[in-house]
Amino acid sequence: MKHRHILATLALGTMLAPVAALAQAYPDRPVTIIVPFAAGGPTDTVSRLVGEVMSRELGQQVLIQNVGGAGGTLGAGQAADAEADGYTLLIHHIGMSTAPTLYRNLPFDPLTDFTPIGLITEVPMTVIARKDFESASLADLVEKIKAEGEALTYGNAGIGAASHLCGMLLMEAVGAQMTTVPYQGTGPMMTDLLGGQIDLSCDQTTNTTNQILAGEIKAYAVTVPERLANLPDLPTTAEGGLPALEVSVWHGLYGPEGLPQEVVDRLQAALVAALADETVIQRFAELGTTPVSAEEATPAALTETLTSQIATWKPIIEAAGAFAN
Amino acid sequence: MDIFASLGLGFATALEPMNILYCFIGVLLGTLVGVLPGIGPTATIAMLLPITFSLSPVGALIMLAGIYYGAQYGGSTTAILINLPGESSSAVTAIDGYQMARKGRAGPALATAALGSFFAGSVATLLLAFFAPPLARAALSFGPPEYFALIVLGLLVSIALAHGSILKALAMIVLGLLLGMVGQDIYTGTPRFTFGFRELFSGLNFVSVAVGVFGVAEILRNLESEKNREVMVKKVTNLWLTRDDFRRITAPVLRGTALGSVLGILPGGGHILSAFASYSAEKRLSKTPQEFGKGAIEGVAGPESANNAAAQTSFIPLLTLGIPAHPVMALMVGAFILQGITPGPNVINDEPALFWGIIASMWIGNLLLVLLNLPLIGLWVKMLTIPYRVLFPAIVIFACIGCYSINNNIFDVYGIVFFGLLGYVLIRLGCEPAPLLLGFVLGPLLEEHFRRAMIISRGDFSVFVTRPISAVLLALALGVVILALLPSLRRKRAEVFVEED
Amino acid sequence: MAARIVRDDLIAGGIFVLLGSYFALEALNYPLGTPFRMGPGFMPVALGGVLVALGLAILLKSLRGGENVDQHAPPWRAIVLISGAVVFFGLTIRGLGLVPTVFITVAITALASRMNNILAALIIALGMTVLCTLVFAVGLRVTVPLFGPWLRF
């Protein structure tokens with residue numbers, strides 16, 4: 001076993017000491033997954049749920065390290081710079097595909113500076129408003145946005161956040177601009193929406209389901225093609241007459257560029273096992289999402305999603321004129 | 001379900017032997033990790049979060065809440081003993097607590113912190129039990145203009161933090177505000193004052209600023225002449241409060257509890273102001289304000305109570321609305337979700353045993369905390385008898401590791417050096433570090449709320465005076481300024497404030 | 001009261017003027033925006049200006065004279081050694097790992113006190129290395145390796 005790995009390593013011409021050391025028994029020490037957002041957020045939650053099961057599968061502790069800041073690019077950059085030994089990984093969401101357009105001086109390339117491992121989940125989003133907002137349906141809402149435009153305020157959780165992307169897409173689909181109010185994270189944004197300080201937003205079900213069920217905020221539509229099990233009365237954007245507004249927050253697991261194949265295989269197997277875990281499935285369901293199938297939890301599927309999403313978001317972001325340097 | 005039945009359910013849950021044990025373990029671990037220099041409640045919870053994963057939801061959350069108060073108290077302990085606050089609230093405790101320790105009164109300072117915290121925690125827990133939902137609603141009427149006005153008021157009132165020159169204190173606040181703006185602008189994403197380093201995009205770390213301007217600067221001051229220090233440590237006298245101390249702390253504890261309870265409910269930054277506001281209030285109401293900054297026990301009692309009351313009531317927006325008021329609460333949200341409970345308006349109805357169990361356990365946690373810590377005071381004070389030449393390298397290395405392990409960002413470590421030197425120079429020149437720290441934590445909030453208020457009002461400045469709460473707060477702020485500028489009062493101020501040490 | 005220039009205030013005022021100017025001038029490179037949509041430059045320019053004004057006020061007041069406070073000489077040895085030790089920690093914690101970095105950092109720091117000789121510094125460093133390893137690596141399981149990648153092989 002040991003010999004085969006070392007031979008394989010030599011055959012690849014990789015003489016790097018760490019790789020040879022690691023080929024003996026990966027993983028032989030705790031694995032760190034960088035989450036480029038603050039602890040407690042939806043991406044953090046997804047990562048911790050998956051990380052816990054992966055840790056059982058790998059027989060090593062999986063530590064979640066929150067490196068927030070710069071719309072997720074700081075943590076992603078740190079992961080890109082880390083040694084490609086499989087001990088530093090990254091879980092990032094849809095922001096990975098929008099960063100190249102949003103950030104003009106991005107120090108990494110999402111397509112070439114990472115080794116994709118697999119998709120994890122796609123979280124649907126909901127179009128929401130303060131609870132006393134007048135519009136009765138999505139169609140009404142579209143009319144109102146067209147009529148009042150910048151008199152309406154749309155809150156988002158910061159540059160590059162899912163709520164920012166959904167907002168751009170919504171305004172493009174409707175064909176009118178609202179006044180965007182950025183916040184630092186979902187928490188403060190939700191506070192002001194609950195308090196009626198702002199009119200509208202659009203955020204992941206992770207953050208909104210509970211508030212919608214409690215009647216604290218109004219929901220107009222869910223941004224995926226099918227209705228959700230735990231919000232069965234909420235129409236989809238297509239049913240509501242706005243099919244162009246289709247977006248979900250997909251999450252992927254990456255390693256730094258040049259991760260050895262056997263490490264990728266080991267991690268991908270652990271990921272697939274985590275996504276089939278009862279608790280993970282149940283917790284994901286409570287968050288309004290499901291794990292992707294085993295076929296999608298693969299490097300190929302992640303690469304494909306990433307490539308196509310970069311192409312999708314580029315014109316939308318450029319049209320909105322949003323840049324974060 | 002009426003409130004007493006609910007509380008009964010809560011205590012039934014919290015008093016289960018296993019839950020008491022979890023609560024105790026949480027308080028103990030929180031205290032032990034929190035006393036490590038440079039490690040405050042946020043870092044403690046982040047580090048200890050994983051150990052709660054395997055517990056039941058109620059057990060896990062009770063333990064986490066315990067870790068939180070424990071860490072908060074542990075942070076105050078280091079602030080008092082070695083002038084190293086781990087979180088913004090304990091920065092205020094450091095001002096007079098450390099001076100008390102220097103005078104050999106570390107014991108009474110720690111006891112005051114423990115008793116004040118316990119009292120405040122108990123009252124705030126009751127408040128939480130009886131009025132959580134309506135209070136959370138009321139807090140929602142605070143929008144960006146109100147928060148901006150509140151922060152302006154807080155900044156102006158806090159000039160009282162200084163015991164030297166008022167001009168220098170103002171300059172330190174403004175410098176702090178500016179330092180707080182280092183990093184990426186949240187509205188446009190523009191990086192500011194980062195010299196192109198991405199490590200600075202998310203701003204300077206509070207802990208490196210605090211460890212630098214308080215801890216390292218103080219070490220350098222002490223190393224100026226090493227003989228003085230050894231003498232002062234020998235003077236450690238009684239560990240317990242005198243009758244006179246009790247008399248002096250009663251009113252500050254009551255006022256601090258009230259102030260902290262109210263401010264803690266506001267999710268947009270109220271809890272940060274609580275300790276600072278209480279300190280300012282005590283100094284203004286005191287008959288002997290010249291003692292503040294030199295070891296006034298009121299300066300420990302008020303802020304510590306305010307701080308702990310706010311720590312409790314900041315659970316209100318979380319438990320009733322699912323809104324995290326600060327980073328610690330955000331971590332708690334994560335912990336809830338991992339346990340399969342999404343915090344939100346439904347928790348109180350869907351999970352009554354959990355909701356009331358947590359509230360009951362908060363009181364039990366505070367009780368355990370005080371029972372655990374009063375006997376420990378003797379031990380902590382003993383730490384001061386460690387020769388300084390051994391103690392200060394320990395402080396430096398713990399601060400480095402603690403600071404680094406928060407974000408694994410080496411710039412946070414370099415920040416210690418930068419702020420240590422800046423702090424040392426400025427303190428030598430008669431400026432004080434506490435106002436700088438206040439400005440630093442409030443700077444980003446001030447700008448964020450101001451700009452957001454302007455966006456929502458579409459550029460109309462009158463929003464600050466047409467909204468009643470904001471207008472009242474700004475009127476109060478104006479009153480503070482006028483009071484400070486009144487000529488008759490100025491002479492009195494001159495005696496009080498422009499007295500150099 | 002002797003009408004001497006207050007040296008400390010003069011320097012403090014100067015430092016505030018310098019820092020304020022830096023922030024204000026640097027912030028002028030960022031968009032100022034409009035009242036409706038304020039740019040990233042607005043607040044720092046305004047506050048930088050306020051800091052310069054406060055610094056000038058402190059400066060002017062110092063010229064009017066007052067008492068100078070006598071102070072000890074700055075502990076140059078401690079300043080250099082402690083700054084150096086912390087920077088060393090930052091530079092090597094990832095590469096050397098916890099154990100060697102802590103040992104060397106503490107040894108350098110301890111020498112900042114004139115009451116510690118080399119032997120004492122080494123003893124303190126040894127003790128702190130054991131303590132930190134127990135607290136952070138064994139107890140809290142921080143993600144820093146005990147011996148870093150520079151020391152493998």
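Quantities reported herein were computed from a predicted structural model and do not represent experimental measurements. Throughout, a chain's letter reflects where its sequence line sits, starting with A, and its residues are numbered from 1.
- For chain B, the option among C/Ala12, C/Pro44, C/Ala112 with the highest count of heavy-atom pairs below 4.5 Å is C/Pro44.
- Proximity to chain C (any heavy atom under 4.5 Å) is restricted, for B/Ile219, to the side chain, taken from C-beta onward.
- Contact count against chain C (heavy-atom pairs under 4.5 Å) is highest for B/Leu178 among B/Ile455, B/Leu178, B/Leu29.
- Looking at C/Ile108, neither its backbone nor its side chain comes within 4.5 Å of chain B, counting heavy atoms on both sides.
- Using a 4.5 Å cut-off between heavy atoms, B/Cys400 contacts chain C through both its backbone and its side chain.
- For the residue pair B/Thr194 and B/Pro191, the shortest heavy atom distance occurs at OG1-CB, 3.8 Å.
- Counting all heavy atoms, side chain and backbone alike, B/Arg389 lies closest to C/Ala120 at NH1-CB, 4.1 Å.
- For the options B/Leu426, B/Val413, B/Leu36, heavy-atom pairs under 4.5 Å to chain C are most numerous at B/Val413.
- Note: C/Ala73 leads C/Gly55, C/Ala73, C/Ala107 in heavy-atom pairs under 4.5 Å with chain B.
- Per-residue heavy-atom pair counts under 4.5 Å with chain B were compared for C/Met128, C/Arg77, C/Met38, and the maximum is reached by C/Met38.
- Residue contact with chain B, scored on non-hydrogen atoms closer than 4.5 Å, is absent for C/Ile123.
- C/Arg114 touches chain B through backbone and side chain together, each having a heavy atom under 4.5 Å away.
- Closest approach of B/Arg451 and C/Pro40 over heavy atoms only: NH2-N, 3.7 Å.
- Looking at every heavy atom in both residues, C/Ala110 comes nearest to C/Asn116 through O-ND2, 2.9 Å.
- Heavy atoms of B/Ile456 lying under 4.5 Å from chain C are absent altogether.
- Looking only at atom types and distance, the side chain of B/Tyr424 has a donor-acceptor partner in the side chain of B/Glu224 under 3.5 Å away.
- Chain B forms the most heavy-atom pairs under 4.5 Å with one residue out of C/Val6, C/Leu10, C/Val50, C/Val102, and that residue is C/Val102.
- Contact of the C/Leu131 side chain with the B/Phe398 side chain is registered, since non-hydrogen atoms from C-beta on lie closer than 4.5 Å.
- The aromatic ring centroids of B/Tyr414 and C/Phe89 lie 6.0 Å or more from each other.
- If you measure heavy-atom distances from C/Ile15 to chain B, the contacts under 4.5 Å come from the side chain alone.
- The greatest number of non-hydrogen atom pairs below 4.5 Å with chain C, out of B/Leu422, B/Ile397, B/Asp185, is found for B/Ile397.
- Across all their heavy atoms, B/Leu436 and B/Val213 have their closest contact at CD2-CG1, 4.1 Å.
- At a cut-off of 3.5 Å, with distance as the only test, a side-chain donor of B/Asn222 or B/Tyr388 sits close to an acceptor on the other residue.
- Put simply, CZ on C/Phe88 and OG1 on C/Thr101 are 5.5 Å apart, with the number rounded to the nearest 0.5 Å.
- Within the 4.5 angstrom heavy-atom criterion, no atom of B/Phe418 approaches chain C.
- Note on C/Ile93, C/Thr105, C/Asn29, C/Val135: by heavy-atom pairs under 4.5 Å with chain B, the leading option is C/Ile93.
- Using a 4.5 Å cut-off between heavy atoms, B/Arg221 touches chain C through its side chain atoms alone.
- In this structure, the separation between CG on C/Leu51 and CZ on C/Phe23 is 8.5 Å, given to the nearest 0.5 Å.
- You'll find the ring centres of C/Phe42 and C/Tyr30 outside the 6.0 Å limit.
- Only the side chain of C/Ile82 has a heavy atom closer than 4.5 Å to any heavy atom of chain B.
- When heavy atoms are compared at a cutoff of 4.5 Å, B/Val396 approaches chain C solely by way of its side chain, counted from C-beta outward.
- For chain B, the nearby parts of C/Ile79 are the backbone and the side chain; heavy atoms of each come within less than 4.5 Å.
- The most heavy-atom pairs under 4.5 Å with chain C, out of B/Leu223, B/Leu32, B/Leu177, B/Val33, come from B/Leu223.
- When atom types are taken as modelled, the side chain of B/Ser208 and the backbone of B/Asn205 share a donor-acceptor pair closer than 3.5 angstrom.
- At a 4.5 Å heavy-atom cutoff, B/Ile173 makes no contact with chain C through either its backbone or its side chain.
- Contacts with chain C were tallied for B/Arg458, B/Met172, B/Met181; B/Arg458 has the most, counting heavy-atom pairs under 4.5 Å.
- Of the listed residues (C/Arg94, C/Glu26, C/Arg37), the one with the most heavy-atom contacts under 4.5 Å to chain B is C/Arg94.
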TODO: Report the C-alpha distance between B/Arg452 and B/Glu447 in whole Å, list the side-chain angles of each, state the deciding distance to 0.1 Å, and finish with yes or no for salt bridge (Lys or Arg N to Asp or Glu O under 4.0 Å).
DONE: CA-CA 8 Å; B/Arg452 187 171 298 138; B/Glu447 182 184 28; over 6 Å; no

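- In terms of heavy-atom proximity, C/Ser62 sits nearest to C/Leu59 at OG-O, 2.6 Å.
- Top candidate by heavy-atom pairs under 4.5 Å with chain C, chosen from B/Phe411, B/Phe392, B/Phe193, is B/Phe193.
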